[in-house]
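For reference, positions follow the sequence shown, starting with 1.
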Amino acid sequence: MYEVYALKYGERDTTACQFFYRESSHEPITLHYFVWLILGGPHPVLVDTGFLDDEAQARGIRNYVSPAAVVERAGVKPADIPLALITHLHYDHWAGHSLFPAAEYWIQRDEVAFWTGRYARFGAFRGSANVGSLERLITLNYAARVRIVEGEHEVLPGIRVHRVGGHTAGLQIVSVETARGTLVLTSDASHFYRNVETGQPVQIITSLPEMLEAFETINQLAGAEKLIVAGHDPQVSERFKEVEPGIVKLA
Ligand SMILES: [Zn+2]
């Protein structure tokens with residue numbers, strides 16, 4: 001059976017009106033930045049890669065630590081990770097890929113197409129990109145380090161990716177069979193519990209219908225146990241067990 005950890009590597013303060021769809025409230029909110037680690041299979045599986053120090057500086061991230069350092073603190077050498085599932089190619093999920101030099105990166109076809117295609121250059125999307133890391137997506141692909149997947153895909157027995165789109169063109173979420181039931185890593189299909197629990201999207205969207213559909217997919221996959229792990233919510237460390245600062249055992 002798999003064990004799953006949320007590993008926090010930074011924080012950022014913003015306001016509700018900057019973040020939730022058509023929200024008027026100016027109340028302050030804090031995002032936590034995570035990568036996730038799945039243990040108990042034939043090898044560790046990482047979900048997303050975080051970002052490097054340059055993005056932390058440029059975007060005013062508080063309490064940044066290298067995602068590689070947190071993974072190491074969780075007991076896994078970053079160079080020993082052969083597989084990383086990339087939920088989407090926003091800077092905070094992809095720009096840290098070089099920290100995991102042995103990994104093959106699994107990314108949805110629609111996501112790769114979007115960030116190498118017609119709309120990526122427009123300001124509304126460009127702001128979420130780390131261009132250098134997207135350039136390296138091409139060379140990594142030619143080095144056979146990128147595996148492009150489509151739709152729902154079994155990664156290992158009991159670990160699946162599911163393309164939901166919505167927030168980005170090919171966003172995928174991850175389900176993991178655990179001793180407690182099916183755990184759903186939503187990543188940015190639901191940044192906060194408020195998104196999936198009230199049906200309120202985030203402002204950064206490529207398809208509003210797909211984003212709403214994704215909330216239903218999350219609930220269906222999670223079933224009665226409701227082991228849902230929101231992508232950037234500080235509540236993750238309260239709803240699950242924080243075993244040491246920044247390391248939350250999810251299952
Ligand atoms: Zn994110």
Side-chain angles (χ1 to χ4, degrees), residues 1-10 32-50 65-88 92-94 96-97 99-107 147 149 152-162 164 171-193 196 217-251:
M1 274 294 183
Y2 296 107
E3 290 184 3
V4 190
Y5 294 86
L7 308 176
K8 181 165 80 95
Y9 66 89
H32 284 186
Y33 289 79
F34 298 100
V35 296
W36 300 270
L37 187 62
I38 305 170
L39 303 178
H43 54 74
V45 177
L46 185 70
V47 178
D48 290 338
T49 64
V65 288
S66 165
V70 199
V71 165
E72 187 131 24
R73 213 148 54 74
V76 175
K77 288 206 165 55
D80 290 346
I81 294 177
L83 173 57
L85 309 175
I86 305 302
T87 63
H88 61 303
D92 55 322
H93 300 261
W94 173 242
H97 63 76
L99 299 170
F100 306 97
E104 180 179 77
Y105 310 101
W106 289 31
I107 314 170
R147 178 152 170 189
V149 296
E152 184 178 337
H153 202 87
E154 185 174 68
V155 177
L156 288 170
I159 304 178
R160 305 183 83 82
V161 293
H162 313 258
V164 294
L171 178 69
Q172 58 184 351
I173 63 176
V174 181
S175 65
V176 187
E177 301 305 324
T178 75
R180 297 183 59 200
T182 302
L183 184 87
V184 182
L185 301 173
T186 74
S187 182
D188 294 0
S190 187
H191 294 72
F192 287 86
Y193 284 101
V196 66
T217 304
I218 291 166
N219 282 317
Q220 277 166 15
L221 288 171
E225 292 89 5
K226 288 209 173 305
L227 296 174
I228 294 171
V229 184
H232 286 274
D233 198 327
Q235 279 190 34
V236 168
S237 55
E238 293 150 31
R239 296 194 184 203
F240 295 91
K241 189 171 159 44
E242 188 165 35
V243 290
E244 58 176 279
I247 299 182
V248 181
K249 185 169 184 187
L250 303 167

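- Residue Tyr5 forms a side chain to side chain contact (heavy atoms under 4.5 Å, CB included) with just one option from Val70, Val35, Ile247, and that option is Ile247.
- Qualifying ring-ring contact (aromatic ring centres under 6.0 Å, His included) partners for Phe100, counting only residues two or more places apart in sequence or in other chains: none.
- To the nearest 0.5 angstrom, Tyr105 atom OH is 12.0 Å from Leu85 atom CG.
- When atom types are taken as modelled, the side chain of His232 and the backbone of His32 share a donor-acceptor pair closer than 3.5 angstrom.
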Run the side chain to side chain contact (heavy atoms under 4.5 Å, CB included) test on Phe240 and Leu183 for me, step by step, so that the C-alpha distance in whole Å, both residues' side-chain angles and the decisive distance to 0.1 Å come before the verdict.
CA-CA 12 Å; Phe240 295 91; Leu183 184 87; 4.2 Å; yes

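- The CD1 atom of Ile173 lies 6.0 Å from the OG1 atom of Thr217; values are rounded to the nearest 0.5 Å.
- In this structure, Leu37 and Ile81 have side chains that are in contact, with non-hydrogen atoms separated by less than 4.5 Å.
- Taking the salt bridge (charged side-chain N to carboxylate O under 4.0 Å, His left out) definition, one finds that Glu154 meets it with Arg160, sequence neighbours left out.
- Every residue two or more places apart in sequence or in another chain that forms a ring-ring contact (aromatic ring centres under 6.0 Å, His included) with His153 is listed here: Trp106.
- Glu242 places a side-chain N or O within donor-acceptor distance of the main-chain N or O of Gly246, the cut-off being under 3.5 Å.
- Expressed to the nearest 0.5 Å, how far CD1 of Ile218 lies from OG of Ser190 amounts to 5.0 Å.
- For Arg180 (side chain) and Leu250 (main-chain N/O), a donor-acceptor pair under 3.5 Å exists by modelled atom type.
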Got a list of side-chain donor-acceptor pairs under 3.5 Å for residues 38-49, not counting sequence neighbours?
unit_1, atom_1, unit_2, atom_2, d
Asp48, OD1, Thr87, N, 2.7
Asp48, OD1, Thr87, OG1, 3.3
Asp48, OD2, Thr87, OG1, 2.7
Asp48, OD2, His93, ND1, 2.7
Thr49, OG1, His93, O, 3.0
Thr49, OG1, Trp94, O, 3.2
Thr49, OG1, Gly96, N, 3.3
Thr49, OG1, His97, N, 3.2

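- To the nearest 0.5 angstrom, Leu227 atom CG is 11.5 Å from Arg239 atom CZ.
- The two residues Ala79 and Ala102 make their nearest non-hydrogen contact at O-CB, 3.3 Å.
- With sequence neighbours excluded, the residues satisfying salt bridge (charged side-chain N to carboxylate O under 4.0 Å, His left out) with Glu3 are Lys249.
- Between Gln172 and Val149 there is a side-chain heavy-atom pair separated by less than 4.5 Å.
- Pro67 and Leu99 get closest at one heavy-atom pair: CD-CD1, 3.7 Å.
- Two residues are said to be in side-chain contact when any heavy atoms from C-beta on lie closer than 4.5 Å; Tyr33 and Val65 fail this criterion.
- Residues Ser187 and Phe34 fail the side-chain proximity criterion, which asks for heavy atoms closer than 4.5 Å.
- Judged as a salt bridge (charged side-chain N to carboxylate O under 4.0 Å, His left out), and not counting sequence neighbours, Arg147 has no contacts.
- Between atom OG1 of residue Thr186 and atom CD1 of residue Ile228 there is a gap of 8.0 Å, rounded to the nearest 0.5 Å.
- Taking OH of Tyr2 as the start and OG1 of Thr178 as the end, the distance is 11.5 Å to the nearest 0.5 Å.
- Between Ser175 and Thr182 the shortest side-chain heavy-atom distance falls below 4.5 Å.
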